[in-house]
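Working notes, structure below.
Values below: all heavy atoms of this structure, side chains included; hydrogens, waters and symmetry mates excluded.
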Amino acid sequence: MTAPRSSGPALAVVGATGAVGSVLLQILSQRADVWGDIRLIASPRSAGRVLAVRGEETEVLALTEDAFDGFGKGDIVLFLTPAEVSARWAPVVTARGAVVVDQSAAFREDPEVPLVVPEVNGHAVRIRPRGIVAGPDCVTAAMIAALGALHAEYGLADLAVSSYQAASAAGRAGSETLRRQLSLVAGSSLGEQTGDVRRAVGEDTGPFAAPLALNVVPWSGELREGGWSSHELAVRAETRRILGLESLPIAVTCVQVPVVTGHSLTVRARFEREVDAGHAREILEAAPGVVLVDDPEAGEFPTPADAAGTDPAWVGRVRGSLDDSRSLEFFVCADNLRKGAALNATQISELIAGEFA
């Protein structure tokens, strides 16, 4: 093991060469340096690549048990991998005494694994019986800081959300699929006749259930009972866990849209008492991890194109419901690769590192 640069804990990033991994390496170079050794790990096909982190060239190691040599108590291993990879390798890491921060769905429903968004329930990282802390789905992460701040003031009683999800949530394959489809339809008059976009795009729709260019696709995930998608049920379950509201009624519709980066959601939240929209704006302005952009008269409201490449959740269109004095409606955008995954994982890791400082 290379001698650490500082007295800070060592950090391993598994999945360092993926879409989220690339963003995370940028974030590590932008934030306060609390780490000693940083080790980059990926699948064997990516081993040997050299990536820059904190201004240093670092060789990527293959994911094997040897890749974790030297890691133990006080060190952190961050998984940016598919659920099956996290499920296989997280126990190998925790058996050495290191802490796992996992961004996959592998442990999000495990009652012995805290599900954490630092702005909302950062205290939960300290209680981790299995030595693992999970981060939520990128859709949940986009809205939860704003929702958590409002819940703390008014008490959330009911929630209905629709997501407008960026292609990059499906990794590089999602972004590449959208860009390829856009190139096939650009400059055409497609989209005016039934089936013309499908014919232009062809049978290969990548990770999406239908063509995404010039289209929206009301589906994300796998089919579950009752016609719900796995992604919709995940957002429901994760929101309940993070807010500590096990019986909260939640309705979710997940929609893929032709945006490269930046998830958006429309939110209708009903609370235990009457909501004043002006006061709600003040709460959102003060909420950590949230930026309020809400002046429709001046044409100022958040869009995913504005949120891309930034850290906060951007909130606008805040208004009281016309039919219910206890309900508030708003629109929120966030970069799904940053706050939706890489930044949240980094923040969790820094909280844990602080325990060993």
Side-chain angles (χ1 to χ4, degrees), residues 20 79-87 90 100-125 127-130 132-152 155-166 169-170 207 209 218-256 263-272 289 313 332 334 336 339-341 343-345 347-348:
V20 176
F79 282 84
L80 307 173
T81 55
E84 60 271 18
V85 176
S86 297
V100 165
V101 176
D102 182 47
Q103 270 301 131
S104 81
F107 304 102
R108 288 172 182 160
E109 296 184 23
D110 189 327
E112 294 190 318
V113 175
L115 182 65
V116 175
V117 172
E119 293 90 343
V120 181
N121 65 337
H123 60 279
V125 300
I127 303 174
R128 42 180 190 269
R130 296 189 59 184
I132 302 170
V133 179
D137 178 87
C138 49
V139 175
T140 307
M143 70 170 176
I144 203 70
L147 202 58
L150 293 167
H151 167 60
L156 188 60
D158 193 287
L159 182 65
V161 301
S162 290
S163 70
Y164 310 99
Q165 297 173 210
W219 188 259
S220 177
E222 289 77 47
L223 180 64
R224 295 292 185 262
E225 186 177 354
W228 294 95
S229 78
S230 57
H231 206 164
E232 290 161 346
L233 295 180
V235 173
R236 183 173 187 264
E238 292 165 16
T239 300
R240 286 174 158 186
R241 281 203 70 193
I242 294 168
L243 297 180
L245 299 171
E246 296 181 1
S247 301
L248 179 69
I250 304 178
V252 185
T253 300
C254 287
V255 181
Q256 297 279 172
H263 286 347
S264 306
L265 297 96
T266 54
V267 179
R268 186 179 192 272
R270 191 168 191 267
F271 298 94
E272 294 173 353
V332 57
N336 52 292
K339 185 52 190 168
L343 177 61
N344 198 73
Q347 291 173 307
I348 292 172

Trace of the side chain to side chain contact (heavy atoms under 4.5 Å, CB included) decision for V113 with R128:
CA-CA 6 Å; V113 175; R128 42 180 190 269; over 6 Å; no
Q: For side chain to side chain contact (heavy atoms under 4.5 Å, CB included), just list the numbers for L150 and F271, CA-CA rounded to whole Å, side-chain angles, deciding distance to a tenth of an Å, and then say yes or no.
A: CA-CA 9 Å; L150 293 167; F271 298 94; 3.8 Å; yes
Requested in this report: Apply side chain to side chain contact (heavy atoms under 4.5 Å, CB included) to R268 and V161, showing your working.
Outcome: CA-CA 6 Å; R268 186 179 192 272; V161 301; over 6 Å; no
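Contact between V332 and A313 at its shortest, heavy atoms only, is CG2-CB, 4.0 Å. Scanning both residues, P118 and K339, for their nearest heavy atoms gives CD-NZ, 4.3 Å. Taking every heavy atom of both residues into account, S220 and H231 meet most closely at OG-ND1, 2.5 Å.
Without hydrogens or angle criteria, R240 side chain to A237 main chain gives no donor-acceptor distance under 3.5 Å. Looking only at distances, no side-chain donor or acceptor of S163 sits under 3.5 Å from a matching main-chain atom of V139. Counting only distance, with no hydrogens or angles, the side chain of R108 and the backbone of Q103 share a donor-acceptor pair below 3.5 Å. A distance-only check finds a donor-acceptor pair linking the side chain of T239 to the backbone of V235 [under 3.5 Å]. Between the side chain of E112 and the backbone N or O of P129 there is no donor-acceptor pair closer than 3.5 Å. A distance-only check finds no donor-acceptor pair linking the side chain of W228 to the backbone of S230 [under 3.5 Å]. Panel note: side chain N121, backbone L115; a donor-acceptor pair is recorded below 3.5 Å. Under a 3.5 Å cut-off, the side chain of H263 and the backbone N or O of A166 do form a donor-acceptor pair. Listed for the N344 side chain is a donor-acceptor partner under 3.5 Å among the backbone atoms of V116.
Distance CD/E238 to CG/L243: 11.5 Å, rounded to 0.5 Å. Of the inter-residue distances, the one linking I250 atom CD1 with D158 atom CG reads 8.5 Å to the nearest 0.5 angstrom. Note: R270 CZ to L248 CG = 12.0 Å, rounded to the nearest 0.5 Å. Note that the CD1 atom of I132 and the CZ atom of F107 stand 4.0 Å from one another [nearest 0.5 Å]. With values rounded to the nearest 0.5 angstrom, I144 atom CD1 is found 10.5 Å from L265 atom CG. Atom-to-atom distance recorded for S229:OG and W219:CH2 is 5.0 Å, nearest 0.5 angstrom.
Counting only heavy atoms from C-beta outward, the side chains of P136 and I242 approach each other to under 4.5 Å. Residues V100 and V133 fail the side-chain proximity criterion, which asks for heavy atoms closer than 4.5 Å.
More than 12 heavy atoms of other shown residues, nucleotides or ligands fall within 6.0 angstrom of atom CD in E84. In this structure, I127 places its CD1 atom where only 12 or fewer heavy-atom neighbours from other residues, nucleotides or ligands lie under 6.0 Å away.
Residue pairs meeting the salt bridge (Lys or Arg N to Asp or Glu O under 4.0 Å) criterion with at least one member in residues 224-236, sequence neighbours excluded, do not occur.
Inspection of the S86 and T81 side chains reveals an N or O donor paired with an N or O acceptor under 3.5 Å.
Evaluated for a side-chain contact (heavy atoms from CB on, under 4.5 Å) with I348, the options V101, D102, V117, L343 yield exactly one hit, V101.
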